[in-house]
2 protein chains.
Amino acid sequence: MGSGAPASVFSRPHPMSFFTAGSEIYAQGEKAGSFHQIEFGAVRIYRLLCDGRRQITAFHLAGETFGFEADRTHHFFAEAIMATGLRTHCPAAGEDMSRELLPLALRYMVRAQEHLLVVGRQNSVERIGAFLMDMSDRQGDLAQIELPMSRQDIGDYLGLTIETVSRVLSRLRDKGILKFHGLRVVEIRKPDALRIMCE
Amino acid sequence: MGSGAPASVFSRPHPMSFFTAGSEIYAQGEKAGSFHQIEFGAVRIYRLLCDGRRQITAFHLAGETFGFEADRTHHFFAEAIMATGLRTHCPAAGEDMSRELLPLALRYMVRAQEHLLVVGRQNSVERIGAFLMDMSDRQGDLAQIELPMSRQDIGDYLGLTIETVSRVLSRLRDKGILKFHGLRVVEIRKPDALRIMCE
DNA sequence: CGCTCGCTTGATATAGCTCAAAAGCTGTGG
DNA sequence: CCACAGCTTTTGAGCTATATCAAGCGAGCG
């Protein structure tokens, strides 16, 4: 990860910072202004209601850039899901990053709006299916996919309880659609069946 | 609406187009490239599942700009909710609108992600409350707010059925929190009560 | 070996959905 | 102006998917 690190779309070298599993990267209400590229690891972006209900709005995986905001203030929390390394870019005063950031912002906007369809209109099986297919996509369509996040995280992302997540995964396993290799590695054995379930 | 039309953030004059209630502005899959500023009226942005389930991801009201997309392709449908006039801007080839569009994209991204919290983690009363307060905000915090959209639209925005929307509104009316002046105009008589219900 | 913590499984409760019907609007034609 | 048709909305009754509450399980660790 030294000087031979993956090429960045951004010009200057950036300091690298490390986060342990569960540690906070930034909090809602904090001043924003920099943004982060994930060198390794995974990040959850979320919001809380005052009674503790949590909605994870996005997971970001290695290679992705996140943390830029509308009005210089963070509207969400960001935490490392596992040991994570970030390359942080702090634009110089007056520097205009619009050209680089717009495509990302549009992409994340589409992602959030597509996710809205899942959470607003699909049942628990469809939600889990959509989630697994998305993770598979983003990990290069390997048969085996890694789930760095806990069941609770998955539930809070999909608007389900941890029990429902667990039950649906068990049912898909029992039907032979999924095979688990430990808790955090899933093999999608019948991608077509999964795809059909998520219509 | 002639030469004395409201000032636009964009430089050149644009053709104006009109849409009747229910008419399509663009469809998912169509080529994108231009974007639209609402002169008057209101617009719904939505997605469909193949069995007809619909999720409205955003309502846009007079003054707002929408329709720019990540990869030159529309990912959503846009329809006029009522008689609507749009000023359409088609950037010249090579023209870079990033500076103007990034703040909008970020704003809509935050909106979508906040809406995700509502749909993913709040109950029917909280959802309706959040919706009404949002509409009130965006109409300048008047006591009377206009709901250009149908109950079905509200349901498809909040991830509820039309019956649930209707029941919740009736309950809020019976409690004296809301007062209806016809179907499409609501007065929020106890904003505090509403705010508390939405946590 | 026995804790702890995250996950799974089971039993029951309930919010919101579905199906059905009645009640309001809106527009049209006589 | 009234009457009727075709909507949308409201209301009601019963059902079901998912939440809640509670117990058991298993991998990792001191």
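Every chain is numbered from 1 and lettered A, B, ... according to where its sequence line falls, protein lines coming before strand lines. Reckoned from all heavy atoms, side chains included, excluding hydrogens, waters and symmetry mates.
Residue S170(A) places no side-chain N or O under 4.0 Å from the OP1 or OP2 atom of dT8(C). Contact between the side-chain N/O atoms of S124(B) and the OP1/OP2 oxygens of dA15(C) is not found at any separation under 4.0 Å.
Comparing R173(A) and T164(B) by the nucleotide of DNA chain C whose heavy atom lies nearest to each, the residue mapping closer to the 5' end is R173(A). The residue among R184(A) and R121(A) whose nearest nucleotide of DNA chain C is located toward the 5' end is R184(A).
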Find every protein N or O atom lying less than 3.5 Å from an N or O atom of nucleotides 24-26 of chain C, and list the pairs.
none

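Put simply, chain B comes within 4.0 Å of DNA chain D, heavy atom to any atom, from dT9(D) to dA13(D), going 5' to 3'.
In summary, D192(A) and K190(A) do not engage in a salt bridge, as defined by a charged side-chain N under 4.0 Å from a carboxylate O.
Exactly one residue among F66(A), F76(A), F35(A) makes a ring pair (Phe, Tyr, Trp, His ring centres under 6.0 Å) with H60(A). That residue is F66(A).
You'll find the ring centres of Y26(B) and F77(B) outside the 6.0 Å limit.
Ring orientation note: the planes of F18(B) and F40(B) are tilted relative to one another, at an angle of 30° to 60°.
Across all strands shown, L160(A) has heavy atoms under 4.0 Å from sugar-phosphate atoms exclusively, and none from any base. Within 4.0 Å of G155(B), counting heavy atoms only, lies no atom of the nucleic acid at all.
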